[in-house]
Peer 1: 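Starting off with a structure, shown below.
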Amino acid sequence: MKLYDATTPNTLRVQVFLAEKGIEVPQEAVDVMGGGTRTPEFLEMNSLGELPVLQLDDGRILTESVAICRYFEELYPRPRLMGESAYEQGLIEMWNRRMELHIFGPLGDAARHTFAFFADRVEQNPDYAAAQMRAFDRAWAWLDRELADGRPFIAGNSLTIADITGMAALFVCDLMNKTLPEELKRTKRWEKEIRCRPSLAKRMPDAA
Ligand SMILES: N[C@@H](CCC(=O)N[C@@H](CS)C(=O)NCC(=O)O)C(=O)O
C-alpha cells in the first residue's frame, strides 16, 4: 500500500485521520508545485490530477480524501472517527458534509479563484472569490451558534472526521492569513483545542 502525499488541505485530512488512529502507511511525496500531479503516470492513477491517492498492494486505486478515510475506518475501526451506531454515522456524515460544503468549500473556492497556482486550472473570478469569503464568514458565525449547546467537537463529544474537515479549513485560513473573529467565542475555543492536537500541529503551513 502507498499513499501519494504532499502538504495540501485535502492530503492533511487523510494524514490527520491516520495519525488520530495511530496508523502508519508508506508514503510517496508528490511535487505539486512542480507539476507532479499532471504527469501521465499520475493522471493514470487519478484523471482529475489531485491528491491524495491511495494505491493498494494489488494496484487498485482510491482517490478522494473522505473515501480514503472511509477505507481506513473499516480496516482500523478504533478509535471510531466516522461513528458507531447508524444514527452516529448519519450524524457525523451530516456534519462532515456541512463542514465541507459551508466552511471548507467556500474558502477553498476563494483560494482557487485568487492563488496564482490555480490560474491555469480554473477560470478565475475575483468577484466570486470575494463572495465566497463573505459566505465563509457567515458560515463560521452559523457554526458558532450551532456550538451553543457546549459540545466540545463539531459532531458531539469526541473528535470525528467533521473536525478534521474543519482542520483543513484552518489550514487554508493560515495560507490566506485569515483569522477567525474573536467574537465567535465557541468556534475560537474549538479552534484553540483542535490546533493543539499533535495530529495537526506539526502539519500546519508554518510548522516547519
Ligand atoms: N475532492 C478531493 C479534492 C482533492 C484536491 O483538490 N486536491 C488538491 C490539493 S488540496 C490537489 O491535489 N491539487 C493538485 C493540482 O491541482 O494539481 C479530495 O477530497 O480528495
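Counting convention: from 1, in listed order, for ligands and their atoms alike. Note that the structure is predicted; figures quoted are calculated from it, not measured.
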Peer 1: Is it true that, when you exclude Arg38 itself, more than 12 heavy atoms of the residues, nucleotides or ligands shown sit nearer than 6.0 Å to its CZ?
Peer 2: yes
Peer 1: Can you name the salt bridge (Lys or Arg N to Asp or Glu O under 4.0 Å) partners of Glu74, sequence neighbours left out?
Peer 2: Arg70
Peer 1: Look only at interatomic distance and state if Glu64 has a nitrogen or oxygen under 3.5 Å from any nitrogen or oxygen of ligand 1.
Peer 2: yes
Peer 1: At less than 4.0 angstrom from any non-hydrogen atom of Pro52, what atoms of ligand 1 do you find?
Peer 2: 20 (O)
Peer 1: Got a donor-acceptor contact below 3.5 angstrom from the Glu183 side chain to the Ala141 backbone?
Peer 2: no
Peer 1: What about Thr8: any of its N or O atoms under 3.5 Å from an N or O on ligand 1?
Peer 2: no
Peer 1: Distance to 0.1 Å, residue and atom name: give those for the protein heavy atom nearest to atom 15 (C) of ligand 1.
Peer 2: Arg121 NE, 3.2 Å
Peer 1: Quick check: does Arg112 get an N/O under 3.5 Å from an N/O on ligand 1?
Peer 2: no
Peer 1: Is the cationic atom of Arg151 (NZ for Lys, CZ for Arg) positioned less than 6.0 Å from the six-membered ring centroid of Trp95 and within 45 degrees of its normal?
Peer 2: yes
Peer 1: Within a distance under 4.0 Å of any heavy atom of Arg38, pick out the atoms of ligand 1 and give their elements.
Peer 2: 15 (C), 16 (O), 17 (O)
Peer 1: Are Arg121 and Phe117 in a cation-pi setup, meaning NZ or CZ lies under 6.0 angstrom from the ring centre and within 45 degrees of the ring axis?
Peer 2: yes
Peer 1: May I ask you to test the Leu54-Phe72 pair for a side-chain heavy-atom distance under 4.5 Å?
Peer 2: yes
Peer 1: Provide, to 0.1 Å, the distance between atom 11 (C) of ligand 1 and the closest protein heavy atom, together with that atom's residue and name.
Peer 2: Leu51 N, 3.7 Å
Peer 1: Which bit of Asn10 gets closer than 4.0 Å to ligand 1, counting heavy atoms only: side chain, backbone, both or neither?
Peer 2: both
Peer 1: With a 4.5 Å heavy-atom cut-off, do Ile61 and Asn46 have their side chains touching?
Peer 2: no
Peer 1: I need the nearest protein heavy-atom contact for atom 17 (O) of ligand 1: residue, atom name and distance, please.
Peer 2: Thr37 OG1, 2.6 Å
Peer 1: Among protein heavy atoms, which sits nearest to atom 14 (C) of ligand 1, and what does the distance come to when rounded to 0.1 Å?
Peer 2: Gly49 O, 3.5 Å
Peer 1: What atoms of ligand 1 come within less than 4.0 Å of a heavy atom belonging to Ser65?
Peer 2: 18 (C), 19 (O), 20 (O)
Peer 1: I'd like to check the ring pair (Phe, Tyr, Trp, His ring centres under 6.0 Å) partners of Tyr128; sequence neighbours left out, ordered by chain and number.
Peer 2: His113
